[in-house]
Amino acid sequence: MADNAGRLWVVATPIGNLDDLSPRARDVLRGASLIAAEDTRHSAPLLAQAGAKARAVPLHEHNEQEQSARVIEHLRDGGDVALISDAGTPLVSDPGYRLVRAARAAGFVVSPVPGPCAAIAALSAAGLPSDRFVFEGFLPAKAAARRERLGELAAEPRTLLFYESSHRIVESLADMRAAFGDAREAVVARELTKLFETILAAPLGELAARVEADPNQQRGEFVVLVAGAAEADADATLAEGRRVFGLLREELPPARAAKLAAAITGAPRRQLYEG
C-alpha cells in the first residue's frame, strides 16, 4: 500500500456524557477527511462539539456493504476516515464489521481509538466476577427464540452480559429468571453516564420484580449482567442434558436431539455430543 494511503480510525464515542470523549478521539475526528457515522443526525451535536469539519456519511446495517466500497475508495485516494457509532465503541453490537474487514483486506491500516463501551462500563461497576465473561449483545426479540438462547446459557460458568431495550426489559428479565432461577445474582445497569443512571444489584427474582413494579426503571438503555452458574450446578446440568440427549437421539437425528436436550435442560448444546 502506498505511503500516502489513508487510514481507517475506529473511534469510540461517549455513551451518554459528552465529556467522556477523549482528547485523542477529538483530534482524530478533527483530522479525518471523512466520517462514517451510524446516524449522521444523531452524531451531529457530538461532531460539532469536537470541532470536526469533515463530511459525515451514514453507515448502518442497511447500507454497510455499499457504503464500505465508497469508504475504501476514499482511503485509496489518501483520505483518513473516522468510523463512529451512535454511542460507544463501534462494532460492539453496532455496524462496522464489514467496513473494517474490507479495509484490512484491501491493505489499509485500521487503528482503534479506545474509549467508552457500555458493556465494559457496566461490568466494571457491577461487582460480579470480571476475569472471564461472555458478551451476548441483544437477545432475540421473539420470546421463543429468546428463551431457547437463555436455556442454552443456563450452565455457562462465566459472567453473562446482555444489552436490552426499554421495550423488552421486563420480558427479558422474566425469561432470565425462569432460565437461571430466582437466586442467581444479577445486575441491571441503566442509562450509564447519563442523568438518570441507576445500577441495581439483587438476585434475579427480586431484580425482575423490582423493575416490573417501577416504570422509571423500564426507561432508557440497559446492560443486564448475570452471574455465571456455579461449577457444581453446571456439572449437574450437563449430566442431565446428556441423559436427555441419550433418550432423544434414539428417536431423532443427533443435531435435533441435541437442540431439544439443550432447550429442555439448559446444558450447552455443543457438549452434549461428548462423553
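Reckoned from all heavy atoms, side chains included, excluding hydrogens, waters and symmetry mates.
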Locate the shortest heavy-atom distance separating Ala103 from Val110; write the atom from each residue and the value.
CB-CG2, 3.9 Å
Is Phe222 isolated, or which residues cluster with it under the ILVMFWY side-chain rule of less than 4.5 Å, directly or via members?
Val134, Leu139, Leu150, Leu153, Leu160, Phe162, Ile169, Val170, Leu173, Met176, Phe180, Val188, Leu200, Leu204, Leu207, Val211, Val224, Val226
Is there side-chain contact between Leu260 and Leu252, with at least one heavy-atom pair below 4.5 Å?
yes
Taking Asp175 first and then Arg146, would you say they form a salt bridge - that is, a charged N and a carboxylate O separated by under 4.0 Å?
yes
Show, in sequence, the C-alpha distance, side-chain angles and deciding distance for Arg149 and Glu152, and conclude whether the salt bridge (charged side-chain N to carboxylate O under 4.0 Å, His left out) test is met.
CA-CA 5 Å; Arg149 182 59 187 146; Glu152 293 171 348; 2.8 Å; yes
Decide, yes or no, whether a salt bridge links Glu171 with Arg168 under the criterion of side-chain N to carboxylate O below 4.0 Å.
no
Please name all residues satisfying side chain to side chain donor-acceptor pair (under 3.5 Å) with Asn216, sequence neighbours left out, ordered by chain then number.
Arg219
Can you give me the closest heavy-atom contact between Ala118 and Leu192, atom names plus distance?
O-CD1, 3.7 Å
Value rounded to 0.5 Å, distance of CD in Glu206 from CD in Glu185:
11.0 Å
So which atom in Gly241 and which in Ala267 form the shortest heavy-atom distance, rounded to 0.1 Å?
CA-CB, 3.8 Å
Identify the two heavy atoms, one from Pro14 and one from Leu46, that lie closest to each other, and give their separation to 0.1 Å.
CD-CD1, 4.0 Å
Compute whether any side-chain donor of one residue and acceptor of the other, for Thr159 and Arg132, lie under 3.5 angstrom apart.
no
Name all residues meeting the side chain to side chain donor-acceptor pair (under 3.5 Å) criterion together with Arg184; count only those two or more places apart in sequence or in a different chain, and write none if there are none.
none
Is the closest side-chain heavy-atom distance between Leu8 and Val109 below 4.5 Å?
no
Would you kindly confirm whether Leu34 and Leu75 end up in one hydrophobic cluster when ILVMFWY residues are joined by side chain heavy atoms under 4.5 Å apart?
yes
Measure the CG-CD1 distance between Leu248 and Ile264 for me, rounded to the nearest 0.5 Å.
5.5 Å
Can you check whether Asp80 reaches Trp9 side chain to side chain, under 4.5 Å on heavy atoms?
yes
Within the 4.5 Å heavy-atom criterion, are Leu83 and Val100 side-chain neighbours or not?
yes
I would like to know whether Arg76 and Phe108 meet side-chain contact (heavy atoms from CB on, under 4.5 Å); could you show each step before the answer?
CA-CA 8 Å; Arg76 193 168 282 121; Phe108 295 101; 3.9 Å; yes
Before accepting this row, confirm whether a basic side-chain N of the pair Glu240/Arg243 lies closer than 4.0 Å to the acidic partner's carboxylate O.
yes
Closer than 3.5 angstrom, by distance alone: can the side chain of Asp39 be matched with the main-chain N or O of His42 as a donor-acceptor pair?
yes
Assess the side chains of Glu164 and Ser172: does a donor N or O sit below 3.5 Å from an acceptor N or O?
yes
Shortest non-hydrogen contact from Ala154 toward Ala229
O-CB, 3.5 Å
If I take atom NZ from residue Lys194 and atom CD1 from residue Ile15, how far apart are they, to the nearest 0.5 angstrom?
7.5 Å
In terms of heavy-atom contacts, does CZ of Arg26 have more than 12 from other residues, nucleotides or ligands at under 6.0 Å?
yes
If we ignore angles and hydrogens, is there a donor and acceptor under 3.5 Å between the side chains of Arg190 and Thr198?
yes
Dump the intermediate steps for side-chain contact (heavy atoms from CB on, under 4.5 Å) on Leu99 and Glu64, then the final yes or no.
CA-CA 7 Å; Leu99 173 59; Glu64 186 173 354; 4.2 Å; yes
Any donor-acceptor N or O pair under 3.5 Å, side chains Arg210, Gln217:
no
Partner set under side chain to side chain donor-acceptor pair (under 3.5 Å) for Gln65, not counting sequence neighbours
none
Under the side-chain contact (heavy atoms from CB on, under 4.5 Å) rule, what do Arg55 and Val57 come out as? Steps first, then yes or no, please.
CA-CA 7 Å; Arg55 178 170 63 100; Val57 297; 3.1 Å; yes
Could you walk me through whether Val92 and Phe135 pass side-chain contact (heavy atoms from CB on, under 4.5 Å), step by step?
CA-CA 9 Å; Val92 181; Phe135 175 66; 3.8 Å; yes
Any link between Ile120 and Leu91 through a network of hydrophobic side chains (Ile, Leu, Val, Met, Phe, Trp, Tyr) touching at under 4.5 Å?
no
Are Pro114 and Arg24 side-chain neighbours, meaning at least one heavy-atom pair lies under 4.5 Å?
yes
Heavy-atom side-chain contact between Ser85 and Glu38 under 4.5 Å:
yes
OG1 (Thr265) and CG (Leu272) are apart, to the nearest 0.5 Å, by 6.0 Å
Validation row: Leu128, Val187 side chains within 4.5 angstrom (heavy atoms):
yes
Between Thr193 and Asn17: side-chain donor-acceptor atoms closer than 3.5 Å:
no
Would a 4.5 Å heavy-atom cut-off, applied to side chains only, mark Thr13 and Asp20 as touching?
no
Phe196: which other cluster members, linking ILVMFWY side chains closer than 4.5 Å, directly or transitively?
Leu195
Heavy-atom closest pair, residues Thr89 and Ala12
OG1-CB, 3.6 Å
Distance (rounded to the nearest 0.5 Å) between Leu29 CG and Gln49 CD:
11.0 Å
Rounded to the nearest 0.5 Å, how far does CD1 of Ile72 lie from CD of Gln67?
11.0 Å
Just jot down the side chain to side chain donor-acceptor pair (under 3.5 Å) partners of Ser33, sequence neighbours excluded, or say none.
His74
